[in-house]
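Notes follow the structure.
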Amino acid sequence: MLLFFALGLLIHFVFFASIFDIYFTSPLVHGMTPQFTPLPPPAKRLVLFVADGLRADTLYELDEDGNSRAPFIRNVIMHEGSWGVSHTRVPTESRPGHVALIAGFYEDVSAVAKGWKENPVEFDSLFNESKYTWSWGSPDILPMFAKGASGDHVYTYSYDAQREDFGAHDATKLDTWVFDKVKDFFDAARNNQSLFTKVNEEKVVFFLHLLGIDTNGHAHRPSSREYKDNIKKVDDGVKEIVSIFKHFYGDDGKTAFIFTSDHGMTDWGSHGAGHPSETLTPFVTWGAGIKFPQNVSAQQYDDEFLKEWRLENWKRRDVNQADIAPLMASLIGVPFPLNSVGILPVGYLNNTGLFKAESMFTNAVQILEQFKVKMTQKKEATLPFLFTPFKLLSDSQQLDILRKARSYIKQEKFDEVVSLCEELIDLALRGLSYYHTYDRLFLGINVAVGFVGWMSYTSLLIIKSHSNIPKGTRKEGKKPHCLLLYSFIATGVLVACFLMIQACPWTYYVYCLLPVPIWYAVLREHEVIQDLVESLLTFPRSHFVAYLLVFTLGIEVLVLSFFYRYMLTAGLIVFAGWPFLTQLWTRAKITFLSWAFFSLLLAVFPLMPVVGRKPNLSLVMGAGFLVLLLSLAVVTTLGKRNIKLVKGELLVLLLQMLSTVLSMYVVYSTHHSLLKKEGLPLMNQIVSWATLASSLVAPLLSSTALSQRLASILLSLMSTYLLLSTGYEALFPLVLSCLMFVWIQVEQETLQQPGVSCKQKLTSIQFTCDTDIAQFRQLCPDDIRRAFFLVFFLLTAFFGTGNIASINSFDLASVYCFLTVFSPFMMGALMMWKILIPFVLVMCAFEAVQITTQLSSKGLFLVVLIISDIMALHFFFLVKDSGSWLDIGTSISHYVIVMSMTIFLVFLNGLAQLLTTKKLQLCGKPKSHLM
């Protein structure tokens, strides 16, 4: 059985990894020829301002007094340049946003493995194509473009990472540092002939990354005075830098300026998903080569933003974020970034029709080059009779469009050239997508076949080893027919040869060959299959259909809960009424009334707003007081039942109560310290980390009696959970734990005969490592319900206080008791542990259920595995590769979550066994004290 779980874990890792090969492979290709406009550019230099985390609405709207928060930028919109909204894509994080701006393509998710900081694949960028680039700003952003550049012409100046502190007194200092360094740079250039010569070259880029707005947004929310005041500081800084450039270069009219943002931010201070507040960013450009403001009486946009911003009379030109890279390349006359998929927004250009047409033609050829390389790579790796080319853009069609465009340029039909090139770009991008997803169906079918095979084998294993299905008379020792084995070996060899001929990556071998041994293992159990069929034939058909419908409905409720949290509420309401529908409540009315009460109480949480949007310190304090009351109740109950406590165990309980008090103090103290902008107190940080470290050790020092150990686990984990809470979610583990304890009693009651009480038995049950196998019973239909309850409670633990399928559900304020300096991996790990704490509480209760119902953990765990895998297969087929980027990202994250849950179940089951069964002895001889 241990070998089975090891193989199962390996298979699930393969299924989990498959989604990244099928949907998350890098879209980049290499080997293209650089393309640039063969005409003199309008600008010698470009200045790029990126205000990290700046929302379009917050910049463009007027304040309560009718004044602009950024008067200089607004003056540019009205008198000097052009403006619009830049539409970003998911994930709305800093690295993907900057890659789209500067390199012109939307980065794949493989970059998340390096915290959006390093380069998982090399790519070309505007900086790489420039003569020189000087950049100032965050150490998280600047190095990735310097490392990706060829030669030594990209210079970076970054402040220390410790400055990125969400608890800092004044985050605007991050932006002030950038502006001051730029001023110092030009002062030095006047006295340094070598530097002076470089900055006066053509095709030069200056990049100012301004992180203060993003930092203030995370720390104080975008609606705060700090966030809005930071916008004014940035506006003043931009105005001063523009003045410096004009003065340094003698106002030569050869400088182009661009002001934009990498992503926006939600009202609750997070980003990463596809909410409009995250994807709509400002875009303002002025200077050399840029159109002047255009007064209009009507515009093409249906939204109400123009009226809200009072900009309805100034021409608005929206762009996709990747379109900014070709615009910048066109302005200073450098080759378009090789991997760019951006479409040049010619509406921004103030130049001749010939320049616009030639620039658009260059853009089309540059994207077409990527298409041709991608097609060649796929054609060379596919057998000729299996290759299906992209029919909408054949070689002859490419030549025809290019010749026609050249002919139009000669005839000075420049508008027709632009339209024709836009058509070619659209076809080339569709072709790129076609070849990028060429193997998706093939790989998807293989993974799905493996999935179904694995679930079939697991089901047969349950029937064979853990069920009472009658077994037919079979000859002992009869081996499977050799023909079956040889057939599968031959199939595997044929599949491997097919993949080898096409020079497929090694991962393709894994996905395509894995179903072969799985289905061989299934068909080897033909005797069990025969027994199952015979048993089903004797089973009443109406009962079978009813059970199947209930099981299917249950699975669909679980799946829908990923999309609609209120489905969890509906499920918990059904749970509350279940004992009354089955007459179970007559056996132990108080137990089942408690079950109904806590089910309904827990059902309230999925109806609450997502955690983090409305912080409430008083609810966290209230949860802490309830934990202390629960601690006193445990001590009182043990005393009334005359249960003996070892002196060390009593000390542990008192220390856990003290830890809860300290956690409450740290939360309160840290909150007020950050409000005063005094940062995170060092002592609070030490206490927080010490509490976290001790939370997994303290339960091991308590008694292994079921009630005492579960109470000890709750008290230890709640201390950490309080430190990670910002509002009502602090109450969630308490209510969940109460329901879990009642669940243990309910499940034992379901096994008792009417009129027989089991309360005394429950108090005497011990968690132990050495379980008597003889006590185990075979699985029955009611155990499927128990497994379903577990999966449902696990999903409630995941989604009860928020939708973690969305990146923007994470609130960085949750980790401020531990650290305030930006650290994506550490902050991510802490928030993941916050999510897993309710998970651990459910798994510990599940351990108790298995003991009280005398059920083999292996058998019940296999049923849970099948339910989880059916859900995973649902989400595998629900993954989208079209539609909005929010829908695509959400569909993929759902699959990742359910597969992660399946894999984590194995580890968390082990952690739950460790927390419930292991016991550490304190030094010294234990003495018993009667309470």
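Only heavy atoms go into these numbers, but all of them, side chains included; no hydrogens, no water, no symmetry mates.
Nearest heavy atoms, Y566 versus L607: CB-CD2, 3.9 Å. The minimum heavy-atom distance linking L723 with S688 is given by the pair CD1-CA, 3.7 Å. The two residues L722 and A730 come nearest to each other via the heavy atoms CD2-CB, 4.1 Å. Nearest heavy-atom pair, L736 versus A797, reported as atom, atom and distance to 0.1 Å: CD2-CB, 4.3 Å. Between T660 and G624, the shortest heavy-atom distance links the atoms CG2-O, 3.8 Å. Closest heavy-atom contact between L734 and A623: CD1-O, 3.7 Å.
A donor-acceptor contact shorter than 3.5 Å links the side chain of R565 to the backbone of M608. Side-chain atoms of W689 come within 3.5 Å of backbone N or O of F818 as a donor-acceptor pair. Remark: the backbone N or O of L724 is paired with a side-chain donor or acceptor of K834 at under 3.5 angstrom. In this structure, S673 contributes its side chain and S669 its backbone to no donor-acceptor pair below 3.5 Å. Judged purely by atom type and a 3.5 angstrom limit, S659 has no side-chain atom pairing as donor or acceptor with the backbone of L655. With hydrogens and angles ignored, the 3.5 Å screen pairs no side-chain donor or acceptor of S465 with any backbone N or O of I462. The backbone N or O of G727 lies less than 3.5 Å from a partner atom in the side chain of E729, making a donor-acceptor pair. Using modelled atom types, no side-chain atom of S702 and backbone atom of S712 make a donor-acceptor pair closer than 3.5 Å. Side-chain atoms of T820 never come within 3.5 Å of backbone atoms of L680 as a donor-acceptor pair (strictly under, hydrogens ignored). Proximity of a side-chain donor or acceptor of T670 to a complementary backbone N or O of V667 within less than 3.5 Å is not detected.
For the atom pair OG1 of T726 and CG of L619, the computed distance is 10.0 Å after rounding to the nearest 0.5 Å. Between F839 atom CZ and L911 atom CG the span is 11.0 Å, to the nearest 0.5 Å. The distance from the CD atom of Q745 to the OG1 atom of T750 is 12.0 Å, given to the nearest 0.5 Å. Between S599 atom OG and L572 atom CG the span is 6.0 Å, to the nearest 0.5 Å. To the nearest 0.5 Å, the span separating CG on L617 from CE on M621 amounts to 5.0 Å. In this structure, CD1 on I555 lies 10.0 Å from CD1 on I866, to the nearest 0.5 angstrom.
In this structure, F789 has its ring center under 6.0 Å from that of W578. Ring pair F792/F575: centre-to-centre distance below 6.0 Å. Checked against a 6.0 Å centroid threshold, the rings of F793 and W743 count as neighbours. Taking the ring centroids of F16 and H12, they lie at or beyond the 6.0 Å cut-off. Taking the centre of each ring, F563 and H894 come in below the 6.0 Å mark.
Under the 4.5 Å side-chain criterion, counting only non-hydrogen atoms from C-beta, F605 is not in contact with L568. Residues L696 and L717 meet the side-chain proximity criterion, which asks for heavy atoms closer than 4.5 Å. Side-chain contact between M899 and F875 is absent, with no heavy atoms from C-beta onward closer than 4.5 Å. M740 has its side chain within reach of V842: a pair of non-hydrogen atoms, C-beta onward, lies under 4.5 Å apart. Taking 4.5 Å as the limit, every side-chain heavy atom of F767 sits out of range of all side-chain heavy atoms of L915. Using a 4.5 Å heavy-atom cutoff, the side chains of Y721 and P838 are in contact.
In the model, S716 has a side-chain atom that pairs as donor or acceptor with a side-chain atom of Q656 under 3.5 Å. Side chains of T917 and R709: a donor-acceptor N/O pair is absent below 3.5 angstrom, by distance only.
The side-chain tip of R786 does not point at the ring of F788 from less than 6.0 angstrom away and within 45° of straight on.
Residue F539 qualifies as enclosed at atom CZ: its count of foreign heavy atoms under 6.0 Å is above 12.
Applying the salt bridge (Lys or Arg N to Asp or Glu O under 4.0 Å) rule to E847 yields no partners; only residues at least two apart in sequence or on another chain are considered.
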Q. Could you go step by step and tell me if F580 and F592 meet the ring pair (Phe, Tyr, Trp, His ring centres under 6.0 Å) rule?
A. CA-CA 8 Å; F580 303 98; F592 286 106; 7.7 Å; no
